[in-house]
2 protein chains.
Amino acid sequence: MSSVPSQNGEPADSGRQRRRLTAGIKGSLRDLSNQLSLLNHHVGARVELKDADLDCLDLVNRHGPLSPSALARRAGLHPATMTGVLDRLQRGGWIAREPDPADRRAVAVRALRSRNAELFGLYEGMNAAMDDICAGYSDAELELLGDFLRRTTSAGRHAADELANG
Amino acid sequence: MSSVPSQNGEPADSGRQRRRLTAGIKGSLRDLSNQLSLLNHHVGARVELKDADLDCLDLVNRHGPLSPSALARRAGLHPATMTGVLDRLQRGGWIAREPDPADRRAVAVRALRSRNAELFGLYEGMNAAMDDICAGYSDAELELLGDFLRRTTSAGRHAADELANG
DNA sequence: AGCGTATCATATGAGTTCCGTACCATCGCA
DNA sequence: TGCGATGGTACGGAACTCATATGATACGCT
């Protein structure tokens, strides 16, 4: 809603420059993805959680109580695998399985907040660094960045869906 | 920590707005990370590669020939695990292990380009979507975005290093 | 030069995880 | 009320991870 594209009635040379910039964005995005995965991996190692476990925990923390099967779909995991993931998360005191009053087959996975401070502490370095980085931008620039990130996420979701279903 | 007065001569409201924007960026970044991981997961499934395998392949593709141990450090994997990863990648024809002429203990892992078109095809949807997104920005905006991504990646690297070593 | 230690990649084996399948309880619908 | 579909999980074989051990080689120190 905020980013305003600028039209390009520009010199003939600008095409190459543009491609370079776009390729740079895509490359940086790959690096970023790798690096964030690695960060998650190390955080997970500190609390004895697999990468996928941490992903699922994040999903539950972020998107409220969810059923195991919905979680499995979102995380791209086999339902039977999700049982194991949830077992580990439950054993570690990260989540609780509650009966769903509306459907007695179903289970609602709820995040317990008790260990969240611990997690937050592990992300504190990254968190502070992001605050620093963001502090250098104007409000308008931050909106531009946020908008870009959301659009890119949406593109990723779309591409993943296409691979999964199409 | 819900109400911190603004310290400078700005409108009383601006601090809150800023925090909202910054928090939004961080949240979007998490979503993005999850989504890109999921995309990689699906891509990997199409070519029978684990997530970690794909990460390693990307590292080799991107950062040239590397030794297994250097790769293990970069990917946050145990050296013995890396042997298994490389076995799979080699069996699939993604990489080759070459002797390092400078150090006869060492091995250089080289990416074979033969199957890269296949991978590229799987990322085609995302690739095109990113082109679309980028097309809406001016050169200056693209530079801003790229700079942000690089800085964020660097922050992630720093935070991960601190967790791994510190 | 020679010896000890560090490093490199990988083999081995125990423990863990993944996932196809099966199973039972429950739901939605005709 | 009956029947197919769905939800969650148990089970078991295959695959994976990782600590340790091993053999080869490099490097530092005297």
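First the proteins, then the strands, lettered A, B, ... as listed; each starts at 1.
The CZ-C1' distance, from A:Arg104 to D:dT6, rounds to 16 Å in whole Å. Nucleotide D:dT9 holds its C1' atom 13 Å from the CE atom of A:Met82, rounded to whole Å. Distance CZ (A:Arg97) to P (D:dG7): 16 Å, rounded to an integer number of Å. Whole-Å rounding puts the B:Leu66 CG to C:dA9 P distance at 10 Å. If you measure from atom CG of A:Asp103 to atom P of D:dA5, you get 17 Å, rounded to the nearest angstrom. Across the protein-nucleic acid pair, B:His41 atom NE2 and C:dC18 atom C1' stand 11 Å apart, rounded to whole Å. When rounded to the nearest whole Å, the span between CG of B:Asp100 and P of C:dA9 equals 9 Å. As rounded to whole Å, 18 Å separates atom P of D:dT17 from atom CD of A:Glu48.
As judged by a 4.0 angstrom heavy-atom cut-off over every strand, A:Ala106 is placed among residues touching the sugar-phosphate backbone only. Residue A:Thr81 is in base contact, counting any heavy-atom pair closer than 4.0 Å across all strands shown.
Comparing A:Lys50 and A:Leu86 against DNA chain D, the residue whose closest nucleotide sits nearer the 5' end is A:Leu86. Both A:Thr83 and B:Val85 sit near DNA chain D, but only A:Thr83 has its closest nucleotide nearer the 5' end. Remark on DNA chain C: of its neighbouring residues A:His78 and B:Asp87, the 5'-side contact belongs to B:Asp87, judged by nearest-heavy-atom nucleotide. Each of A:Ala102 and A:Leu77 lies near DNA chain C, and the nucleotide nearest A:Leu77 is the one positioned closer to the 5' end.
In this structure, B:Gly136 and B:Glu141 approach most closely via the heavy-atom pair O-OE1, 4.4 Å.
Residue B:Ser67 has no polar side-chain atom (N or O) positioned under 4.0 Å from OP1 or OP2 of C:dC8. Residue A:Arg88 places at least one side-chain N or O closer than 4.0 Å to OP1 or OP2 of C:dT17.
Of all nucleotides listed (D:dT20, C:dC8, D:dT9), C:dC8 comes nearest to the side chain of B:Arg73.
Atoms CG and CG, on B:Asn127 and B:Leu122 in that order, are 12.0 Å from each other to the nearest 0.5 Å.
The salt bridge (Lys or Arg N to Asp or Glu O under 4.0 Å) test with A:Asp31 is passed by exactly one of B:Arg62, B:Arg157, B:Arg150: B:Arg62.
A donor-acceptor contact under 3.5 Å is formed by the side chain of B:Arg105 with the base of C:dT7.
In the hydrophobic clustering of this structure, B:Tyr123 groups with B:Leu49; members are Ile, Leu, Val, Met, Phe, Trp, Tyr whose side-chain heavy atoms approach within less than 4.5 Å, directly or through other members.
Defined by atom type and a distance below 3.5 Å, a donor-acceptor pair is missing between the side-chain atoms of B:Asp51 and B:Asn40.
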